[in-house]
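Let me begin by presenting the structure, written as structure tokens, before commenting on it.
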Amino acid sequence: MPMMVLTRLIPPEKYEDWRAGLAAFGGPRREEYTAARVRQGVTRQGVFVAHTSDGPMEIMVMEADDPARALQMIATSEEPFDVEFRGFLLDTLGLDMAQPPAGPPPEQVLDWTAPARSRA
């Protein structure tokens, strides 16, 4: 399954808002979040935080049949949840999904999957 990894520094003054938003998406708003990701063709997503010398950094890993298409759908959907989600990204990360990121997407340099185990 194709995957994409994106990173973004979280402004320190927005860190608690960012954490609260993710807790809501994984908790009371999980059904809405799930419906959005299913619409966008996302099959798995993980969000991590790394505490770096530059401040907290979001690390987002997404698996989808077509990750670029999924991101495009997130950026352009007029579904109310998606519009609100884009607002959350803009407010907490300063990420405007309507603007293409500067530079090329991250380059994947290793893709490893455990071999299927045969049953004895």
Practice item. Answer whether the closest heavy-atom distance between the side chains of Lys14 and Asp91 falls below 4.5 Å. Key: yes

Study note, to complete from the structure: Those residues at least two apart in sequence (or on a different chain) that pass salt bridge (Lys or Arg N to Asp or Glu O under 4.0 Å) with Glu16 are none

**Study point:** Pairwise side-chain contact, Val5 with Ile59, heavy-atom cut-off 4.5 Å (strictly under)
**Key:** yes

Exercise for review: Measure from the side-chain N and O atoms of Arg86 to the backbone N and O of Ser77, and report whether any donor-acceptor pair falls under 3.5 Å.
Suggested key: yes

Check your understanding: What are the two closest heavy atoms between Val49 and Pro56, and how far apart are they?
Key -> CG2-CB, 4.0 Å

Exercise for review: May I ask you to test the Leu6-Leu71 pair for a side-chain heavy-atom distance under 4.5 Å?
Suggested key: yes

Exercise for review: Would you give the length of the straight line joining atom CG of Asp17 to atom CD1 of Ile10, rounded to the nearest 0.5 angstrom?
Suggested key: 11.0 Å

Review point. Where is the tightest heavy-atom contact between Met73 and Arg39, given as atom of each residue plus distance?
Key: CE-O, 3.2 Å

Point to revise | Any side-chain heavy-atom pair of Gln108 and Met3 under 4.5 Å | key: yes

Practice item. Using a 4.5 Å cut-off on heavy atoms from C-beta on, say whether the side chain of Leu89 contacts that of Arg8. Key: no

Practice item. Report yes if the side chains of Phe25 and Gln45 come closer than 4.5 Å at any heavy-atom pair, otherwise no. Key: no

Check your understanding: Do you reckon Phe48 sits in the same ILVMFWY cluster as Met62, going by side-chain contacts under 4.5 Å, direct or chained?
Key -> no

**Study point:** Phe88 side chain near Glu84 side chain, heavy-atom distance below 4.5 Å
**Key:** no

Check your understanding: Would Arg37 and Gln40 count as having a side-chain donor-acceptor pair, cut-off 3.5 Å?
Key -> yes

Point to revise | Closest contact, heavy atoms only, Pro67 versus Pro2 | key: CD-CB, 3.8 Å

Check your understanding: Under a 4.5 Å cut-off applied to non-hydrogen side-chain atoms, are Phe81 and Arg29 in contact?
Key -> yes

Review point. Got a second to check how far Met4's CE is from Asp66's CG, nearest 0.5 Å?
Key: 8.5 Å

Check your understanding: Is the count of non-hydrogen atoms from other residues, nucleotides or ligands lying under 6.0 Å from Glu13 atom CD greater than 12?
Key -> yes

Study note, to complete from the structure: Looking only at heavy atoms, the pair that brings Ala64 and Gly41 closest together is CB-O, 3.3 Å

Point to revise | Shared hydrophobic cluster for Val42 and Val61 (ILVMFWY, side-chain gaps under 4.5 Å) | key: no

Check your understanding: Same cluster or not: are Val47 and Met57 linked, directly or through other Ile, Leu, Val, Met, Phe, Trp or Tyr residues, by side-chain heavy atoms under 4.5 angstrom apart?
Key -> no

Review point. Are Tyr15 and Leu95 linked, directly or through other ILVMFWY residues, by side chains that come within less than 4.5 angstrom of each other?
Key: yes

**Study point:** Shared hydrophobic cluster, Leu22 / Leu90 (ILVMFWY, side-chain heavy atoms < 4.5 Å)
**Key:** no

Point to revise | Minimum-distance pair of heavy atoms, taken over all atoms of Leu93 and Leu9 | key: CD2-O, 4.1 Å

Review point. Where is the tightest heavy-atom contact between Met97 and Ala75, given as atom of each residue plus distance?
Key: O-CB, 3.2 Å

